[in-house]
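Ligands are counted one by one from 1 in listed order, and the atoms in each one are counted from 1 as well. Residues take their numbers from the sequence shown, with the count starting at 1.
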Amino acid sequence: MTKTVYVDNNATTRVDDQVIEKMLPYFGEQYGNPSSMHSFGGNVGQILKQARKEVALLINALPEEIVFTSCGTESDNTAILSTLNSFPKKKHIITTRVEHPAIKNLCENLAQNNYRITFVPVDNKGRLDLDYLYDHLSDDTALVSVMWANNESGVIFPIQEIAAKVSAKNILFHTDAVQAAGKLPIDVKNVKTDLLSISGHKLHAPKGVGALYVRKGTRFSPFMMGGHQEGGRRGGTENVPSVIGFGQAAKLARENMADECKHMTYLRDRLENKIIRDVPNTIINGDTNNRLPGTSNISFEYVEGEAILLMLNEMGICASSGSACTSGSLEPSHVLRAMGVPYTAAHGSIRFSLSKYNTKEEIDYICEKIPPIIERLRVMSPFWHEK
Ligand code: PLP
């Protein structure tokens, strides 16, 4: 059987064994409801409190500033809809052209419902046009939402600076830190963000759990109404095992971040150097001086990303492509289009995203398999011969 080399960690990560171990009792004998008055439930409530503290510590927040949600998407949606509800007269949102669909699709929907949305452009390295953002701030702006790091290119945005400028104008600021949390130090005491989204499954916790940081004093309007859970900010009994796993994963990420990032950076650079050396007409997309440690987005010119992925898949290598198959046509992703990556390169872009579990041997295995795959595909590509 072919071995599996998993390099799609921006899509999701393997749950850490220590996280699973911590969760297991809460599927079994410790099934109490954390909100119950009796001690059987109360004991679970105590562990949940501990998990909240750990998630808060990861971003240097207070435990009561953490609202557990079902995923990063819910956190993003809550941040935007809560703000619009809290400031009903304001009808303008500023975001970027490269946000995750959790922000992008909601904003596009709001644009059809009487809201004005400004999408800030990026340059060819995926860097934000900050002047454009600041020039569009107005009295009507309810919220500025800018991701901390991009899931496709890995490019990191200057959130500290943006949050300070936005907050100086008394406008709320939200950041989608789903890809940044656990990989970059985040300190909400130093960054003037009012709202911040994270997701468990990107940092070795299970899928289906996320958190929204809500700075103390921020106007908030719940998205999910129900019981008094999460301080009345999100009704519904918490997903106890997953929240407990999230807490453990946050603790591990905080304790080991520096070493893990060093490891991922080393592997990422090894991968890119070998590929650039061995495969002609390849381009590294994004600002290589300012990226997430484990994200590499590489364009192999004149070939289709989907074809590369299929061939990698046959060799057990799991990566993802920068194009999405929509209605039969292979459209490059909105991120690569926003960056102005030429079609011939955007079509053949592959995202490799690493984790603490990847090894040097796995990277060398990928580097050995890639050159013959690209060569084979280029022999068949009319664009390669016409270039
Ligand atoms: N935001 C970013 C930047 C992401 O990369 C993702 C997931 O890929 C999400 C939001 C959505 O997170 P979830 O899958 O937990 O809903």
Tell me the protein heavy atom at minimum distance from [atom], and give that distance in Å.
| atom | answer |
| --- | --- |
| atom 15 (O) of ligand 1 | S199 OG, 2.6 Å |
| atom 14 (O) of ligand 1 | H201 NE2, 2.9 Å |
| atom 12 (O) of ligand 1 | G72 CA, 3.6 Å |
| atom 10 (C) of ligand 1 | D176 OD2, 3.4 Å |
| atom 4 (C) of ligand 1 | H100 CD2, 3.2 Å |
| atom 7 (C) of ligand 1 | K202 NZ, 2.7 Å |

What atoms in ligand 1 come closer than 4.0 Å to a heavy atom of [X]?
| X | result |
| --- | --- |
| N151 | 3 (C), 5 (O) |
| Q179 | 3 (C), 4 (C), 5 (O) |
| M147 | 3 (C) |
| D76 | 1 (N), 10 (C) |

Pick one: which of T218, L195, I93 meets side-chain contact (heavy atoms from CB on, under 4.5 Å) with T83?
L195

Can you find a pair of side-chain heavy atoms, one from F173 and one from I162, that are under 4.5 Å apart?
yes

Nearest 0.5 Å, please: how far is CD1 in I117 from NZ in K91?
11.0 Å

Quick one: CD1 on I366 to CD1 on I275, what's the gap to the nearest 0.5 Å?
7.5 Å

Could you check which of T12, V209, T73 puts a non-hydrogen atom nearest to atom 16 (O) of ligand 1?
T73

Taking the six-membered ring of [Y], is the NZ or CZ of [X] close enough (under 6.0 Å from the centre) and on axis enough (within 45°)?
| X | Y | value |
| --- | --- | --- |
| R14 | Y357 | yes |
| R219 | F87 | yes |
| K3 | Y365 | yes |

Could you tell me whether a side-chain N or O of E230 sits under 3.5 Å from a main-chain N or O of F68, the two making a donor and an acceptor?
yes

